[in-house]
Amino acid sequence: MLVVQDIRDRKDTIVESLKKRNWSEEQINVLDKVVVADDKRRSLQTENDHNLNKVNTASKQIGGLMRDGKHDEAESLKSSIAEIKSEIKVKEEEIRAVKLEIEELLLGIPNTLHADVAFGKGEEDNVVVKDWADELPNLGEGALPHWELADKYNLIDFELGVKITGAGFPVFRGKGSKLCRALINFFLEEAEIAGYEEFAPPLMVNAESAKGTGNLPDKEGQMYHMEKDGFYLIPTAEVPLTNIFRGDIIKNEDLPLKVTGYTPCFRREAGSYGSHVKGLNRVHQFDKIEIVQIQTPEKSYETQMEMVAHVERLLEKLELPYRILRLCGGDATFAAAMTFDFEVYSAAQKRWLEVSSVSNFETYQSNRLKLRYRDENGKTQLAHTLNGSALALARIVASLLENHQTPEGIKIPKALIPYTRFDIIN
RNA sequence: GGAAGAAUGGCAGAGCUGGUUUAAUGCACCGGUCUUGAAAACCGGCGUGCCUUCACGGGCACCGGGGGUUCGAAUCCCUCUUCUUCCGCCA
């Protein structure tokens, strides 16, 4: 959520950003509406504080008069502030209403994009910041997509998932299941080496947490909701991991905070159908290791590049052909100021699969989370939050199977063998 | 699931028969005096948010969350949440 003061201070920048997100002039007018509503809020606040001060002063006087036994004077003072009291009641209701109005307007405004983010309509305009330097692998005619490989080697049973739960809930078995377990351990240990503290958070969160990271109300339809208890199944570990710090004021010297965690992720994926969701390309439940950092505004972009480098290292160790994109305005996530997407080339499907997304949210999440730090002058400031997948299992499994298939079987990359304790699936 | 008790500023801990408490006191922390330096001692500072002011400053709100009673609530009432203890049930 944007900070109202920012809209006052750097409106031009925000307008520019909204244009990058292809907002119309009319939509951009919401900024003025916010400022108008906030002006109203301020004047109401001033008037109300003034009234409260009168009542407070009178109450103290009444206390004194009562002690002195001057009951008549006390009574007349009481009746003299009755009118102010009812005025306070009205004003407080108005303040409540205008605050709600401001929040609703703000919730509809996406984060302000970093100046380096390009204009663009959609996916096709994303900027490739690092392309795969070598020739893309060509596996020839016999190459199989991962769902056929999964079937051939008895790694994943999609039908069984349908029986137990429904479509989009694959069941891993045998070496398929072991491969998942190995990847989880590999990713967690790599994160630990990179200085992240590991957490095993709850898989359900309350509404307050979902709101903190911006999943509510923006993406309500994407989450599974337990109505009876008011909980949401997490769509990513980002939600519980970032909410660890909700409401905190962190000491400057403790930054950056680096946390990681493995969790299953649950997504309703309402409205996605067709061939591009086949196999593991898009599922309702998948495993993911997330990395999260809390950082100062001065260093957050440096940190984002560090996280990008971490993900790169993982993909290199898994020996997968990848490229890095900087999302353009038209494709950028609502809450992010800048996002890098990682895509792995699937030689069998002959397409790029998104496997990671590393975002800097600047203060967009921390404003809702009330996550602050104390700067070198002792002043509290909103911290910057960042997160990235490192990495998401289902699609990594898909690309591992497809890219490392040979006539003899699927070769396990060297870095992973200590975790799988087998070097080939055949 | 039932019963009782509790929730106060970074921590500990008063206040809880409603009005000089503007939340005492201690510890921690920061600055200063003293000291070659440090410790000790002493002095001062020490929460968050909002409104207002060019500024100095002033005002308002916050004692787990929400609501109520009252001229006035940390203090009384209702409600929710969490914790502790006990009982029941159960991996």
Side-chain angles (χ1 to χ4, degrees), chain A residues 1-9 34-106 200-212 216 226-232 240 243-255 257 294 363-383:
Chain A
M1 194 161 67
L2 293 187
V3 179
V4 179
Q5 193 58 43
D6 272 352
I7 299 178
R8 293 179 186 275
D9 294 345
V34 171
V35 173
V36 168
D38 193 54
D39 284 339
K40 189 177 166 194
R41 187 198 114 253
R42 285 183 176 185
S43 69
L44 283 169
Q45 184 76 56
T46 308
E47 291 168 35
N48 198 49
D49 284 356
H50 190 65
N51 283 337
L52 282 167
N53 180 242
K54 280 188 202 162
V55 171
N56 287 342
T57 310
S59 291
K60 272 174 203 148
Q61 287 172 356
I62 291 168
L65 292 170
M66 299 289 264
R67 253 194 318 280
D68 298 343
K70 299 175 180 168
H71 296 285
D72 291 348
E73 287 182 47
E75 285 304 321
S76 72
L77 199 48
K78 272 192 205 179
S79 50
S80 75
I81 57 172
E83 198 181 322
I84 299 173
K85 285 201 47 160
S86 61
E87 203 181 315
I88 287 170
K89 228 166 192 158
V90 174
K91 284 248 155 66
E92 278 181 344
E93 196 45 55
E94 284 176 3
I95 290 170
R96 199 196 302 252
V98 75
K99 276 186 175 171
L100 201 69
E101 185 195 338
I102 292 167
E103 185 173 340
E104 271 167 13
L105 291 172
L106 287 176
L203 307 182
M204 295 184 211
V205 295
N206 56 33
E208 199 60 32
S209 293
K211 201 180 154 199
L216 280 180
M226 325 283 123
E227 274 190 31
K228 210 161 184 176
D229 299 288
F231 298 150
Y232 294 84
N243 272 283
I244 291 170
F245 308 106
R246 169 152 49 89
D248 288 358
I249 299 175
I250 295 149
K251 290 195 204 114
N252 194 29
E253 60 265 30
D254 290 340
L255 294 174
L257 295 168
I294 315 297
T363 59
Y364 199 84
Q365 289 184 327
S366 58
N367 187 32
R368 281 202 218 179
L369 290 160
K370 298 280 167 278
L371 166 51
R372 290 157 295 175
Y373 75 103
R374 211 175 286 284
D375 68 16
E376 53 280 359
N377 303 318
K379 233 184 112 190
T380 55
Q381 309 249 23
L382 290 173

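In what follows, chains are A, B, ... by sequence order, proteins preceding strands, each numbered from 1. Quick note: numbers below take in every heavy atom, side chains included, and nothing from hydrogens, waters or symmetry partners.
Within the structure, every side-chain polar atom (N or O) of A:Asn53 is placed at least 4.0 Å from both OP1 and OP2 of B:rG59. A sub-4.0 Å separation between OP1 or OP2 of B:rC60 and a side-chain N or O of A:Asn56 is present. Using a 4.0 Å cut-off, no side-chain N or O of A:Arg374 falls inside it from OP1 or OP2 of B:rG10. For A:Arg41 and B:rC50, the shortest distance from a side-chain N or O to OP1 or OP2 is not below 4.0 Å.
Atom CD of A:Glu92 and atom C1' of B:rG66 are 14 Å apart (whole Å). With rounding to whole Å, A:Leu44 atom CG is found 18 Å from B:rC60 atom P. Note: CD (A:Gln61) to C1' (B:rU20) measures 15 Å, nearest angstrom. Put simply, CD on A:Glu208 is 13 Å from C1' on B:rG66, counting in whole angstrom units. Going from atom CD of A:Glu73 over to atom C1' of B:rC71 covers 15 Å, rounded to whole Å. Between the CD1 atom of A:Ile84 and the P atom of B:rG72 there is a distance of 12 Å, given to the nearest Å. Atom NZ of A:Lys379 is separated from atom P of B:rC30 by 22 Å (rounded to the nearest Å). Taking atom CD on A:Gln381 and atom C1' on B:rU48, their separation rounds to 15 Å, with Å as the unit.
No hydrogens or angles considered: a donor-acceptor pair under 3.5 Å links the side chains of A:Ser209 and A:Asn206.
Within a 6.0 Å sphere centred on CD of A:Glu83, heavy atoms belonging to other residues, nucleotides or ligands number 12 at most. Environment of NZ in A:Lys99: sparse, with no more than 12 heavy atoms of neighbouring residues, nucleotides or ligands closer than 6.0 Å.
The C1' atoms of B:rG15 and B:rU20 are separated by 15 Å, rounded to the nearest whole Å. Only the P atoms considered, B:rA7 is 13 Å distant from B:rA12, to the nearest whole Å. Across B:rA14 and B:rU70, the matching C1' atoms stand 26 Å from one another, rounded to whole Å. Going from the C1' atom of B:rA74 to that of B:rA24 covers 13 Å, rounded to whole Å. A gap of 45 Å separates the C1' atoms of B:rA40 and B:rC51, to the nearest Å. To the nearest whole angstrom, the two C1' atoms, one in B:rU8 and one in B:rG13, are 9 Å apart. As rounded to the nearest Å, B:rU25 and B:rU82 have C1' atoms that lie 28 Å from one another. Taking atom P on both nucleotides, B:rU52 is separated from B:rG37 by 49 Å, rounded to a whole Å.
Nearest-nucleotide mapping onto RNA chain B: of A:Asp49 and A:Thr46, the residue sitting toward the 5' end is A:Thr46. Each of A:Thr57 and A:Gly64 was assigned the nucleotide of RNA chain B with the nearest heavy atom; the assignment lying further toward the 5' end belongs to A:Gly64.
Evaluated for a side chain to side chain contact (heavy atoms under 4.5 Å, CB included) with A:Arg246, the options A:Asn243, A:Ile244, A:Asp248 yield exactly one hit, A:Asn243.
Across B:rC71, B:rG49, B:rA61, the shortest atom-to-atom separation from the side chain of A:Leu52 is found for B:rA61. For A:Arg96, taking side-chain heavy atoms from C-beta onward, the closest of the listed nucleotides B:rG49, B:rG67, B:rC71 is B:rG67. Across B:rC50, B:rU52, B:rC71, the shortest atom-to-atom separation from the side chain of A:Lys85 is found for B:rC71. For A:Arg372, the side-chain atoms get nearest to B:rU48 when compared with the rest of B:rC71, B:rU48, B:rG59.
Not one N or O on the side chain of A:Asn51 forms a donor-acceptor pair closer than 3.5 Å with the backbone of A:Ile84.
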| query | Which dot-bracket string describes RNA chain B (Watson-Crick N1-N3 plus N6-O4 or O6-N4, or G-U N1-O2 and O6-N3, all under 3.5 Å; [ ] crossing; | other strand)? | reply | ((((((((.[[[..)...(.....]]].(((((.......))))).((((((....)))))).[[[[[..)....]]]]])))))))....

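Nucleic acid contact class of A:Ile81 (heavy atoms, under 4.0 Å, all strands): sugar-phosphate only. When heavy atoms are screened at a 4.0 angstrom cut-off, A:Thr380 is found touching the sugar-phosphate backbone but no base atom.
Here the side chains of A:Arg41 and A:Asp38 are in contact, with some heavy-atom distance below 4.5 Å. No side-chain heavy atom of A:Ile294 sits less than 4.5 Å from a side-chain heavy atom of A:Asp254.
The two residues A:Ala58 and A:Leu77 make their nearest non-hydrogen contact at O-CD2, 3.9 Å. Nearest approach of A:Met66 to A:Ala74, heavy atoms of both residues: SD-CB, 3.8 Å.
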